[in-house]
Amino acid sequence: MTCSACSAHVEKAVNKLEAVSKAEVSLMTNSMSVDYDPDALSPQDIIHAVEQAGYGASLPQKDKSTPLSDPNSQLAQELSAMKRRLIWSFVFLIPLFYISMGHMLGAPLPSFLVGMENALAFGLTQLLLTLPILYINDTYYKVGFKTLWHRAPNMDSLIAVGSAAAVIYGIFAIYQIGYGLGHGDMELVERYHMDLYFESAGMILTLITLGKFLEKRSKGKTSQAINRLMDLAPKTDLSRVHATDGVVVEGSSAVDESALTGESLPVDKGPGDKVAAASMNRSGSFTFEALRVGEDTTLAQMIRLVEEAAASKAPIAKLADKVAGVFVPVVMAIAAVTALVWFFVSGYDVTKALTAGVAVLVISCPCALGLATPVAIMVGTGKGAENGILIKSAEALETLHSIDTVVLDKTGTLT
């Protein structure tokens with residue numbers, strides 16, 4: 001999933017299943033929560049529905065001990081790859097932009113690119129600089145046209161169609177220039193000399209990649225609180241400090257349980273006393289026997305609670321998803337109508353019609369539509385957990401402004 005239109009389409013596909021009562025997809029956490037009848041439907045049926053919609057899904061991993069900050073994690077690898085794409089895109093975009101737009105600012109160009117007689121070299125040079133940018137960012141075309149084929153266009157579809165139209169028209173203009181030069185029709189050459197839109201395609205792809213890089217990085221940052229909780233996950237059944245939920249077998253110590261209870265003072269622990277994961281050993285040492293490990297520990301339940309809160313949707317986010325679900329097809333329809341109207345109004349001028357249609361496509365990529373609210377929720381739940389505040393749902397965050405009374409008990413627990 002690359003945008004809110006994607007997540008809305010997946011959500012819609014799963015909600016169509018008869019045994020599903022509710023399905024919610026989180027773009028920020030790349031996860032889906034489904035309420036369904038297990039007697040009538042299996043997880044594999046749900047996965048199949050997602051695959052039929054053009055995406056992929058798998059059951060969550062049981063081992064969540066690897067934090068997203070790990071350089072070997074998928075998010076870190078994606079960020080690294082996207083950074084390389086972004087750097088190389090700018091490497092080719094800067095000379096492309098200079099050649100196509102520099103002369104308008106009075107910047108000097110090489111002599112073989114100046115004048116009508118060199119119009120063909122002028123166009124071909126821009127095309128050669130644009131092709132690497134298209135190759136580097138081919139993911140937009142793979143995803144965009146794939147979702148278009150599944151009749152569920154997303155933001156990538158807008159980018160793919162808009163930039164492809166600009167490049168195709170540019171190639172058409174190069175052929176027209178070549179024809180004009182070959183037949184001595186300088187009026188035709190002059191007409192298409194400035195009708196090259198290669199820099200537009202390159203700029204669109206590069207700027208969108210920049211935006212997605214910043215988006216991906218923000219997702220990583222807002223997940224850091226969950227990562228810190230995961231860092232406390234147990235690795236063995238017997239530990240000398242803190243690991244699993246268990247009971248003290250030997251030794252004694254003062255244990256800080258503030259992360260779990262809110263009690264700021266350390267609690268003395270001795271043989272027979274219970275100790276929970278995420279509590280901190282402050283003095284002394286002890287050996288204890290694990291009673292609950294993995295998914296059963298108090299820490300694992302905390303992590304699960306924070307993850308569910310981060311993946312939950314506030315009412316305003318649900319509204320944004322509904323808008324995103326119809327936004328892309330509506331924009332594409334508007335672009336087609338715009339091009340058609342300009343074609344007739346301009347006296348059957350294909351150039352003006354295409355320019356107007358492409359303009360509608362490329363400026364209508366409001367990725368923030370599905371990003372702003374989820375990021376705010378991730379920050380609220382993640383930073384809250386980092387400071388000992390566990391928030392159970394995004395809806396609670398949205399309605400928080402209406403609270404006029406707060407009650408705190410002696411441990412710091414707030415209601």
Side-chain angles (χ1 to χ4, degrees), residues 1-3 5-6 54-56 74-102 109-110 112-113 119-150 152-178 192 194-217 219 328 332 335 354-355 357-359 361-365 367:
M1 301 181 297
T2 60
C3 68
C6 303
Y55 297 86
Q74 183 180 352
L75 180 59
Q77 292 174 10
E78 289 176 359
L79 269 173
S80 178
M82 193 170 287
K83 187 177 181 180
R84 286 195 300 270
R85 279 173 50 199
L86 185 60
I87 292 172
W88 280 108
S89 294
F90 273 110
V91 166
F92 290 100
L93 177 65
I94 292 172
L96 171 63
F97 193 77
Y98 179 85
I99 291 172
S100 62
M101 309 294 286
L109 285 177
F112 70 92
L113 298 177
L120 191 60
F122 182 71
L124 284 173
T125 302
Q126 292 184 50
L127 174 61
L128 292 175
L129 287 170
T130 304
L131 289 177
I133 300 177
L134 300 181
Y135 176 74
I136 292 167
N137 298 287
D138 63 346
T139 180
Y140 299 121
Y141 299 101
K142 292 178 181 177
V143 175
F145 287 119
K146 180 182 177 182
T147 55
L148 200 58
W149 176 258
H150 284 275
N154 60 6
M155 303 302 176
D156 287 352
S157 302
L158 295 179
I159 300 164
V161 173
S163 59
V167 172
I168 291 171
Y169 183 79
I171 294 173
F172 168 76
I174 287 177
Y175 273 97
Q176 292 296 99
I177 291 171
Y192 285 99
M194 288 301 159
D195 272 354
L196 303 169
Y197 296 99
F198 295 118
E199 85 288 345
S200 298
M203 181 68 77
I204 292 163
L205 293 170
T206 303
L207 291 182
I208 291 295
T209 300
L210 174 61
K212 286 186 176 289
F213 173 75
L214 296 175
E215 172 188 329
K216 184 75 70 175
R217 194 170 65 172
K219 288 173 69 174
V328 176
M332 298 188 84
L354 184 64
T355 302
V358 170
L361 289 173
V362 299
I363 66 169
S364 303
C365 299
C367 295

task = State yes or no: are the ring centers of Y175 and Y192 separated by less than 6.0 Å?
result =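 Aromatic pair excluded; centres sit 6.0 Å or further apart.
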Please find the pair of heavy atoms, one from [X] and one from [Y], that lie closest to each other, and give the distance.
X: A165; Y: V358; result: CB-CG2, 3.7 Å
X: Y141; Y: S163; result: OH-OG, 2.7 Å
X: P132; Y: L128; result: CD-O, 2.9 Å

Do [X] and [Y] come within less than 4.5 Å of each other through their side chains, counting heavy atoms only?
X: Y169; Y: L196; value: no
X: L148; Y: M332; value: yes
X: Y197; Y: V167; value: no
X: D195; Y: F172; value: no
X: N137; Y: I208; value: no
X: I174; Y: F198; value: yes

task = Start with the C-alpha distance between T147 and D156, add both sets of side-chain angles, then the distance that settles side-chain hydrogen bond (donor to acceptor under 3.5 Å, both in side chains), and finish with yes or no.
result = CA-CA 9 Å; T147 55; D156 287 352; over 6 Å; no
Separation of [Y] [atom2] from [X] [atom1] (nearest 0.5 Å):
X: L131; Y: F92; atom1: CG; atom2: CZ; answer: 10.0 Å
X: M101; Y: L96; atom1: CE; atom2: CG; answer: 10.5 Å
X: L158; Y: I204; atom1: CG; atom2: CD1; answer: 10.5 Å
X: L86; Y: L210; atom1: CG; atom2: CG; answer: 5.5 Å
X: S200; Y: L205; atom1: OG; atom2: CG; answer: 10.5 Å
X: Q126; Y: I99; atom1: CD; atom2: CD1; answer: 7.0 Å

message = Donor-acceptor pair, distance only, cut-off 3.5 Å: does the side chain of S157 make one with the backbone of N154?
response =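 Checked: pair present.
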query = Checking side-chain contact (heavy atoms from CB on, under 4.5 Å) for the pair L109/Y98: CA distance, chi angles, key distance, verdict?
reply = CA-CA 9 Å; L109 285 177; Y98 179 85; 3.8 Å; yes
request  = Classify the side-chain pair T209/Y140 by whether it contains a donor and acceptor separated by less than 3.5 Å.
outcome  =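 Side chains of T209 and Y140: pair found under 3.5 Å.
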Any donor-acceptor N or O pair under 3.5 Å, side chains R85, S89 =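 Their side chains do not contain a donor-acceptor pair, so the 3.5 Å distance test is not met.
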task = Could you tell me whether F97 atom CZ has more than 12 heavy atoms of other residues or ligands within 6.0 Å of it?
result =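 It does not: F97 CZ has 12 such atoms or fewer within range.
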